[in-house]
Amino acid sequence: MSLFLTKKNIVQFIKFGLVGCSNAIISLGIYTFLVYVNVNYFVANAIGFFISIINAFVWNNYFVFKKNNADDRSKLYSFIKMLLSYSITGLFLQSAELKLLIDILTVSKYFAQIICIIVNLPINFVLNKIWAFKVKGQK
């Protein structure tokens with residue numbers, strides 16, 4: 001656990017949180033609008049997810065997990081890995097969370113999305129840090 005509590009990782013987590021805020025605004029805005037116009041909340045979640053994933057990649061690649069000139073990391077490969085990691089939390093896990101919160105616990109469709117975003121932020125950070133944006137040869 002202490003491996004993750006370095007100054008660099010803390011700064012990256014804060015930056016990741018800032019990017020996450022912009023993703024949350026995009027995703028939540030799209031989700032809220034679509035739910036408001038009676039789009040199914042699973043469909044609204046997926047549409048908001050796919051649009052915010054592009055924002056996430058750009059900012060994570062250039063702001064959070066900046067690539068040094070010596071780093072051997074493919075942008076396309078990083079995007080594919082990031083898409084997969086966000087798919088786990090942004091679509092599958094979040095859809096299950098929405099189902100639980102909305103259909104079983106009767107939480108508001110709007111508030112449920114906010115809860116999911118908060119719960120999934122640290123999971124997304126770890127997946128991106130150790131897998132999607134990992135530089136080859138880095139431990």
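Just the heavy atoms: all of them, side chains too, but no hydrogens, waters or symmetry mates, feed the values below.
The line from CH2 of W59 to CG of L18 is 10.5 Å long, rounded to the nearest 0.5 Å. To the nearest 0.5 Å, atom CD1 of residue I10 and atom NZ of residue K8 are 13.0 Å apart. Distance check: I47 CD1 to S52 OG gives 12.0 Å after rounding to the nearest 0.5 Å.
Put simply, L98 and V39 are part of the same group of oily side chains (I, L, V, M, F, W, Y) that touch within less than 4.5 Å, one to the next. In this structure, I30 is not a member of the same hydrophobic cluster as F50, with clusters built from ILVMFWY side-chain heavy atoms closer than 4.5 Å. Cluster annotation: V43 is not connected to F49 through the hydrophobic network of ILVMFWY side chains, with a link wherever side-chain heavy atoms come within less than 4.5 Å. I114 is not connected to V19 by any chain of hydrophobic side-chain contacts under 4.5 Å among Ile, Leu, Val, Met, Phe, Trp and Tyr, and they are in different clusters. Connection of I53 to F57 is established within a shared hydrophobic cluster, with ILVMFWY side chains joined at heavy-atom distances below 4.5 Å, either directly or through further cluster members.
The shortest heavy-atom contact between I117 and A24 is CG2-CB, 3.8 Å.
Applying the ring-ring contact (aromatic ring centres under 6.0 Å, His included) rule to F13 yields the partners F125; only residues at least two apart in sequence or on another chain are considered. Under the rule for a side-chain contact (heavy atoms from CB on, under 4.5 Å), I25 has no partner lying at least two apart in sequence or in another chain. Listed by chain and number, the residues in a side-chain hydrogen bond (donor to acceptor under 3.5 Å, both in side chains) with K109 amount to none (sequence neighbours excluded). For V119, the side-chain contact (heavy atoms from CB on, under 4.5 Å) criterion is met by E97, I115, not counting sequence neighbours. For L105, the side-chain contact (heavy atoms from CB on, under 4.5 Å) criterion is met by L100, L101, V107, not counting sequence neighbours.
Sorted by first and then second residue, the pairs that involve residues 23-42 and meet side chain to side chain donor-acceptor pair (under 3.5 Å), not counting sequence neighbours, are N23-N55, Y41-D103.
Between the side chain of S95 and the backbone N or O of F92 there is no donor-acceptor pair closer than 3.5 Å.
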* To do: Tell me, with the steps shown, if F42 and K99 meet side-chain contact (heavy atoms from CB on, under 4.5 Å).
  => CA-CA 9 Å; F42 285 124; K99 178 75 173 167; 4.1 Å; yes
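For CZ of F33, the number of neighbouring non-hydrogen atoms (other residues, nucleotides, ligands) closer than 6.0 Å is 12 at most.
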